[in-house]
Number of protein chains: 2
Amino acid sequence: MHRLLSKLPPLKALIAFEAVMRLGTVTAAAKELTSTQPAVSQQLKSLEGNLSTLLFIRRGRNLQPTAAALEFYAQVTPLLEKMAGYAEQLRADQQEGRRVNIVANCGLAHFWLLPMLERIKQDLPQLVINVTLSDGVDSEFENALLLGFGQLQHPLKRTLFVERVCAICSVEFSQLHGLSRNSAVQEIVNQPLIHMDTSDSRWLNWQHWFANNDLPYPEQKNVVLLGNYHSVISNLQQSKGLALGWLCLMQDLLQDKQLVQVSGSIVSREEYGYFIKSSNAPSSGEALVYQYLVDAAAQKVEYA
Amino acid sequence: MHRLLSKLPPLKALIAFEAVMRLGTVTAAAKELTSTQPAVSQQLKSLEGNLSTLLFIRRGRNLQPTAAALEFYAQVTPLLEKMAGYAEQLRADQQEGRRVNIVANCGLAHFWLLPMLERIKQDLPQLVINVTLSDGVDSEFENALLLGFGQLQHPLKRTLFVERVCAICSVEFSQLHGLSRNSAVQEIVNQPLIHMDTSDSRWLNWQHWFANNDLPYPEQKNVVLLGNYHSVISNLQQSKGLALGWLCLMQDLLQDKQLVQVSGSIVSREEYGYFIKSSNAPSSGEALVYQYLVDAAAQKVEYA
DNA sequence: TCTATGCATAAGTTTTTCTTATAGTTTTCA
DNA sequence: TGAAAACTATAAGAAAAACTTATGCATAGA
């Protein structure tokens, strides 16, 4: 353990050493580093102590580097420069908005953002886009674009998709049970239902759906609560029952006839849905991606 | 200016970052670094601030590195490891006494040590020997073998050569003026004399020589004071006059008949001469060189 | 739902680093 | 030769940085 800590000399001392080697005197180095001569002198001493190696022969007024110092200088300077270069690169990327972080709700990411990601990267090649999946988040992120789900009435949030859900199942399941878009809502009462674990109660669930259709909530046995929407769809495709489908996310699958809408009932809440929210200090790149996603969502809605 | 300082992130933070990336959690990193979780957490924060780049997406309990973090980790870790490696190498060299610093009087170095240096390196190939020339030094050096000139009565000093000087000149000059080893000391009185600037008064000079031979010190006009012994010999070889020759240093040149001793007078002071002195904490390598030089000096004396 | 694990933040303390002042050495200049 | 200037090392008090303890909050697992 302590793989590096115990072996690395103090960086400040290295910087002081580099400057002294390059400029020849402690005083000049101190000037460049906007520090004082004793400070640099002590740094050198501490470096010599750390390396337990004499780096300079002190002859009263001037210093003469030892062979060890010359060697170490030649080794370490390029490393410091590279390191500074990498750090600068990162800062520049950030400064110029080339690096964009997106924190996205899992379902939205899986069924909407990720399929589109390659295209986004092609369309905005100057950006480095980083997507992190995260459910149950609508808090502040300091440096990331947030794609979340929840209440839409918020000055900083912009709506991507209003919440609209319907009952869906696989083609196979629909054929087996004679279900279709024209089925009456009553037919759904006795079907096995697939549930998502919506412990945070932000989401519409089957209870809402039945209440909205003036039907009694059927008693459920052996309820399976799935942790994320991806699992729900996975179970759905295995024809294990009916699930609630968020229209905006399922649109492609419905159009491709991979899934089937059951009954014409669409339950929606205008004040809930998927939203996009800028970081506190959006970069130019973030602004680009923001607009790109807003546009993409608007286009998708048109099909609905 | 500020070529590196302003661009480099704090090293401590880099070490914390490296450990967190490698181990996955702040707590584990803190444990490895024998620090505390909040300390590491703050380091990460400071690094993010320094790079003005988000490195981790915090999701309550765990951290997820951003693309920037992964990239930076891949760039920086090898640099840190190399740096640690170089530092370790230096420490190991020192530890095992592979690195020896010699601070040597200019004259002694030029006429005795340096001609022998290649041979020393061949004979002690495991050592890295670093010679620094320095006149007028008999003070303490923390980490270097000192070859100096001065008083010999000192518990830590060991005599290399007792001070013995004679008058010398070039072969050409001796032939022009009919001088030889058999010449009487009186013949020297009217010859042009070459002087070394011995402002520190440790050295025998022409005044001493004349006094020692019971001769009046001849009035000098256009006295040229040369700063180092090398210049003196250079002038001597240009047949500009007579100079005082330190026997131990001139021995090779006298044997090769490049220079000629004039008169048989040899002035010596038993309590002065060239000495060798160990550093405060001599390494094994230093001890080897010490003995090597003592032996070499002893051998040389035999010819005298 | 309760507990364990893990991160962030705040506040006070400790450690490190820096600055000011001083002394010593060497070079330069008169 | 001697005084001034340039440069470094060291000591001690001051400033800054880092760390630790305590606490709150969020998530994961039972």
Side-chain angles (χ1 to χ4, degrees), chain A residues 5 9-16 19-20 23-31 33-50 54-65 103 106 133-142 197 199-200 225 227-228, chain B residues 5 9-17 19-20 23-31 33-50 54-65 103 106 133-142 197-201 223 225 227-228:
Chain A
L5 182 57
L11 182 66
K12 292 221 162 186
L14 287 183
I15 295 170
V20 171
L23 299 170
T25 77
V26 172
T27 305
K31 203 169 192 178
L33 300 170
T34 51
S35 178
T36 59
Q37 172 267 318
V40 175
S41 179
Q42 287 174 63
Q43 295 286 18
L44 291 186
K45 198 121 217 235
S46 97
L47 184 60
E48 286 185 325
N50 183 282
L54 184 69
L55 295 173
F56 295 97
I57 302 285
R58 277 104 170 145
R59 259 190 318 177
R61 184 166 149 175
N62 59 345
L63 304 177
Q64 186 163 346
V103 177
C106 289
L133 304 189
S134 172
D135 273 339
V137 171
D138 63 351
S139 59
E140 297 283 312
F141 275 88
E142 226 166 292
D197 177 12
S199 53
D200 60 7
L225 285 174
N228 59 67
Chain B
L5 181 57
L11 182 66
K12 292 220 162 186
L14 287 182
I15 295 169
F17 171 71
V20 170
L23 299 171
T25 77
V26 172
T27 306
K31 203 170 190 178
L33 300 170
T34 50
S35 179
T36 60
Q37 172 266 317
V40 175
S41 179
Q42 289 175 63
Q43 296 286 18
L44 292 186
K45 196 122 218 235
S46 95
L47 184 59
E48 287 185 324
N50 183 282
L54 184 70
L55 295 173
F56 296 96
I57 302 285
R58 277 101 170 150
R59 261 190 318 178
R61 185 164 149 177
N62 57 347
L63 302 178
Q64 185 162 346
V103 177
C106 289
L133 303 191
S134 173
D135 273 340
V137 172
D138 65 350
S139 59
E140 296 283 309
F141 276 88
E142 225 166 292
D197 177 11
T198 57
S199 53
D200 60 5
S201 79
V223 169
L225 284 175
N228 58 66

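Just so it is clear, the structure is predicted and the values come from calculations on it, not from any experiment. Order of the sequence lines fixes the chain letters, A, B, ..., with proteins taken first and strands second; residue numbering starts at 1 for each chain.
For the pair B/Lys45 and C/dC7, the criterion of a side-chain N or O lying under 4.0 Å from OP1 or OP2 is not met.
Interatomic distance, CG of B/Leu44 versus CG of B/Leu55, reported as 7.5 Å (0.5 Å rounding). Atoms CD1 and CG, on B/Ile15 and A/Leu5 in that order, are 5.0 Å from each other to the nearest 0.5 Å. Note that the CG atom of B/Leu11 and the CG atom of B/Leu47 stand 10.5 Å from one another [nearest 0.5 Å]. In this structure, B/Phe17 CZ and B/Gln43 CD are separated by 13.0 Å, a value rounded to the nearest 0.5 Å.
Rounded to whole angstrom, the span from the CG atom of B/Leu23 across to the C1' atom of C/dC7 amounts to 16 Å. Rounded to an integer number of Å, the gap from CD of A/Gln37 to P of C/dT19 is 11 Å. Distance, A/Leu44 CG to D/dA9 C1': 11 Å, rounded to whole Å. As a whole-Å value, the separation of A/Leu14 CG from C/dT17 P is 12 Å. One can place CD1 of B/Ile57 at 20 Å from P of C/dG6, the figure rounded to the nearest angstrom. The separation between B/Arg58 atom CZ and C/dT5 atom P is 22 Å, rounded to whole Å. Note: CG (B/Leu5) to C1' (C/dC18) measures 13 Å, nearest angstrom. Protein atom CD of B/Gln64 is 14 Å distant from nucleotide atom C1' of D/dT27, rounded to whole Å.
Checked against C/dT19, D/dC19, D/dT8, the side chain of A/Ala39 finds its nearest nucleotide in C/dT19. Across D/dC7, C/dC7, D/dT10, the shortest atom-to-atom separation from the side chain of A/Thr27 is found for D/dC7. When distances run from any side-chain atom of B/Val26 to the nucleotides D/dT8, C/dC7, D/dA9, the shortest one goes to C/dC7. With C/dT9, C/dA8, C/dT17 as the choices, the nucleotide that has an atom nearest any side-chain atom of A/Gln43 turns out to be C/dT17.
A/Ser41 is not listed as a side-chain neighbour of A/Lys45, based on a closest heavy-atom distance of 4.5 Å or more. Side-chain contact check for B/Val20 versus B/Val40: some heavy-atom pair is nearer than 4.5 Å. Using a 4.5 Å heavy-atom threshold, the side chains of A/Leu63 and A/Ile57 count as separate. The side-chain heavy atoms of B/Asn50 and B/Pro10, taken from C-beta on, include a pair separated by under 4.5 Å.
Contacts of B/Ser35 with the nucleic acid, taken as non-hydrogen atoms under 4.0 Å apart, involve only primed sugar atoms and P, OP1 or OP2. A/Thr36 comes within 4.0 angstrom of a base, heavy atoms only.
Nearer the 5' end of DNA chain D, as judged by each residue's closest nucleotide, is the contact made by B/Val40, out of B/Val40 and B/Arg61.
B/Glu48 contributes a side-chain N or O that, together with a main-chain N or O of B/Phe56, makes up a donor-acceptor pair within less than 3.5 Å.
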Look for any protein N or O under 3.5 Å of an N or O in nucleotides 12-14 of chain C and output each such pair with its distance, or none.
none

Polar-atom pairs under 3.5 Å, protein N or O versus N or O of nucleotides 11-17 of chain D: list them with distances, or write none.
none

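Every residue meeting the side chain to side chain contact (heavy atoms under 4.5 Å, CB included) condition with A/Ala39, not counting sequence neighbours, appears here in chain and number order: A/Ser35, A/Thr36. Considering only residues two or more places apart in sequence or on other chains, A/Gln42 meets the side-chain hydrogen bond (donor to acceptor under 3.5 Å, both in side chains) condition with none of them.
Two end axes, each from the C1' atoms of five base pairs, can be drawn for the helix from C/dT1-D/dA30 to C/dA30-D/dT1; they diverge by 30°, to 10 degrees.
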